[in-house]
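If you read the sequence from its start, that first residue is 1, and numbering goes on from there. Atom set for the values below is all heavy atoms of this structure, side chains included, hydrogens, waters and symmetry mates excluded.
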Amino acid sequence: KISRYQQVRRQKMMLAGGGFLILLLVIIFSARSCISSRKAAEAAAIQKAQEAAQAKKSEETAKAAQKDPVSLTISVVGDCTLGTDETFDYDTSLNAYYDSNGKDYFFQNVKSIFSADDLTIANFEGTLTDSDTREDKTFAFKAPAEYAQILTSGSIEAVNTANNHSHDYGEQSYTDTLTALDNAGIIHFGYDDTAVMDIKGVKVGLVGIYELKDHLGREQQLKDNIAKVKADGAELVIVIFHWGNESETVPDTNQMTLGRLAIDEGADLVCGHHHMYFRELKLTRAKISFTVLEISALAETARQAIWIP
């Protein structure tokens with residue numbers, strides 16, 4: 001038999017053991033809770049540090065992506081017809097002056113302007129070809145391929161070829177012209193061909209539209225070509241039109257419609273030539289805002305625009 005003393009003692013021991021076990025469990029759970037809290041705090045700290053690092057990286061990336069304003073000086077030249085019509089008198093032709101004075105003669109009075117700018121664009125109106133397949137028209141102009149040197153000598157870097165004399169000797173004459181320009185290092189654009197040039201770190205897109213024949217029928221081509229240069233990375237879009245009616249001093253509705261469409265589609269600068277007179281279009285855009293004069297003389301005074309990406 002177990003005495004009452006032993007029974008009490010056993011109960012006390014059992015109570016003490018139970019209490020110890022409970023205490024041990026409390027300690028274990030408390031320790032686990034502390035560990036979990038610490039891990040959670042550490043994880044939160046790591047996440048916060050990562051987010052801060054990512055935010056800093058994003059800020060640095062954004063700053064790096066921001067470009068300082070770049071000043072571009074662009075000269076835009078009107079109709080340049082190199083060569084002559086075969087019916088003209090040789091003695092008073094451009095060819096005679098070329099033979100007598102060489103390639104440097106023709107732009108000698110404006111070369112200092114074109115050499116000092118960042119980009120000179122001209123309308124090349126004529127053909128550089130040996131073809132004899134003359135189109136049936138009042139005037140048809142052609143010159144030997146070597147006449148492309150006149151452009152390089154005058155510090156002209158790019159030309160529009162979309163105009164009413166680009167195919168004076170048929171499709172072959174146009175192909176010959178592009179080949180001659182390529183060989184001379186002259187960038188060319190016009191019709192469905194566009195160009196994007198890197199000028200002082202700015203991607204400049206060039207679009208050339210011949211309006212005289214199809215008028216508003218060129219709207220889709222205009223839209224497509226502006227979209228094309230943008231897709232090719234152009235940050236600054238220049239649209240050159242060969243348009244208007246000769247000798248008229250006021251733009252017609254086709255010109256105003258196409259000019260505004262070019263601006264709406266993303267053109268930053270719109271220029272035109274053909275009609276032999278200076279005229280004011282008053283087309284503006286947020287990025288660059290100034291009056292654009294159409295041009296038909298050999299050279300327009302160099303114009304400076306501030307490009308802010």
Is any side-chain heavy atom of [Y] closer than 4.5 Å to one of [X]?
| X | Y | result |
| --- | --- | --- |
| Glu211 | Asn254 | yes |
| Ile240 | Phe189 | yes |
| Pro144 | Tyr98 | no |
| Asp132 | Lys142 | yes |
| Leu216 | Leu258 | yes |
| Ile74 | Ile199 | no |
| Phe141 | Phe88 | yes |
| Thr81 | Phe139 | no |

Can you confirm whether Asp182 is buried at CG, in the sense that more than 12 heavy atoms of other residues, nucleotides or ligands lie under 6.0 Å from that atom?
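Yes, the 6.0 Å shell around CG holds more than 12 heavy atoms from other groups.
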
Does any N or O in the side chain of [X] come within less than 3.5 Å of the main-chain N or O of [Y], such that one atom is a donor and the other an acceptor?
| X | Y | value |
| --- | --- | --- |
| Glu235 | Val202 | no |
| Ser166 | Ala162 | no |
| Thr127 | Thr129 | no |
| Asn163 | Phe124 | yes |
| Asp198 | Lys203 | no |
| Ser93 | Tyr90 | yes |

query = With Glu135, which residues qualify under side chain to side chain contact (heavy atoms under 4.5 Å, CB included), at least two apart?
reply =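 Only Lys137 meet the side chain to side chain contact (heavy atoms under 4.5 Å, CB included) criterion with Glu135.
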
How would you list, by chain and number, every residue that makes a ring-ring contact (aromatic ring centres under 6.0 Å, His included) with Tyr191, sequence neighbours excluded?
->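 For Tyr191 the ring-ring contact (aromatic ring centres under 6.0 Å, His included) partners, ignoring immediate neighbours, are His167, Tyr174.
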
With no hydrogens and no angle check, just 3.5 Å: does a side-chain donor-acceptor pair link His188 and Asp193?
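No, Asp193 and His188 have no side-chain donor paired with an acceptor closer than 3.5 Å.
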
Apply the test side chain to side chain contact (heavy atoms under 4.5 Å, CB included) to residues Tyr169 and Asp130: give CA-CA distance (whole Å), side-chain angles for both, the deciding distance (0.1 Å), then the verdict. CA-CA 9 Å; Tyr169 282 77; Asp130 293 325; over 6 Å; no

Check: Going through the distances and angles, do Glu125 and Asn164 end up as a side chain to side chain contact (heavy atoms under 4.5 Å, CB included)?
Finding: CA-CA 7 Å; Glu125 191 158 13; Asn164 55 308; 2.7 Å; yes

Query - Val229 and its side chain to side chain contact (heavy atoms under 4.5 Å, CB included) partner, picked from Val196, Ile238, Leu236 - result: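 Checked Val196, Ile238, Leu236 against Val229; only one passes side chain to side chain contact (heavy atoms under 4.5 Å, CB included): Val196.
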
Is there a path of hydrophobic side-chain contacts, each under 4.5 Å between heavy atoms of I/L/V/M/F/W/Y residues, joining [Y] to [X]?
| X | Y | value |
| --- | --- | --- |
| Leu128 | Ile186 | yes |
| Leu151 | Tyr97 | yes |
| Ile263 | Val239 | yes |

*Considering non-hydrogen atoms only, spot the tightest contact between Ala195 and Ile187 and give its length.*
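Closest pair (atom of Ala195, atom of Ile187, distance): CB-CG2, 3.7 Å.
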
*asked:* Testing the basics here: between Ser75 and Ile113, what is the closest heavy-atom pair and its distance to 0.1 Å?
replied: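 Minimum heavy-atom contact is OG-CG2, 3.9 Å.
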
One pair to check against side chain to side chain contact (heavy atoms under 4.5 Å, CB included): Asn95 and Tyr147. What are the steps and the verdict? CA-CA 9 Å; Asn95 298 44; Tyr147 278 35; 3.5 Å; yes

Item to complete: Could you note down all residue pairs passing salt bridge (Lys or Arg N to Asp or Glu O under 4.0 Å) where residues 102-111 supplies at least one of them, sequence neighbours left out?
Response: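 Residue pairs with at least one partner in residues 102-111: there are none.
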
Can you pull the salt bridge (Lys or Arg N to Asp or Glu O under 4.0 Å) pairs that have at least one residue in residues 171-180, sequence neighbours excluded?
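For residues 171-180: none.
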
TODO: Carefully, step by step, assess Glu265 and Asn225 under the rule side chain to side chain contact (heavy atoms under 4.5 Å, CB included).
DONE: CA-CA 10 Å; Glu265 292 297 313; Asn225 286 353; over 6 Å; no

Checklist entry - How would you list, by chain and number, every residue that makes a side-chain hydrogen bond (donor to acceptor under 3.5 Å, both in side chains) with Thr138, sequence neighbours excluded? => result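 Thr138 satisfies side-chain hydrogen bond (donor to acceptor under 3.5 Å, both in side chains) with no residue once adjacent residues are dropped.
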
> Among all residues two or more places apart in sequence or in another chain, which pass the side-chain hydrogen bond (donor to acceptor under 3.5 Å, both in side chains) test with Asp192?
Replying inline: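 Only Gln221 meet the side-chain hydrogen bond (donor to acceptor under 3.5 Å, both in side chains) criterion with Asp192.
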
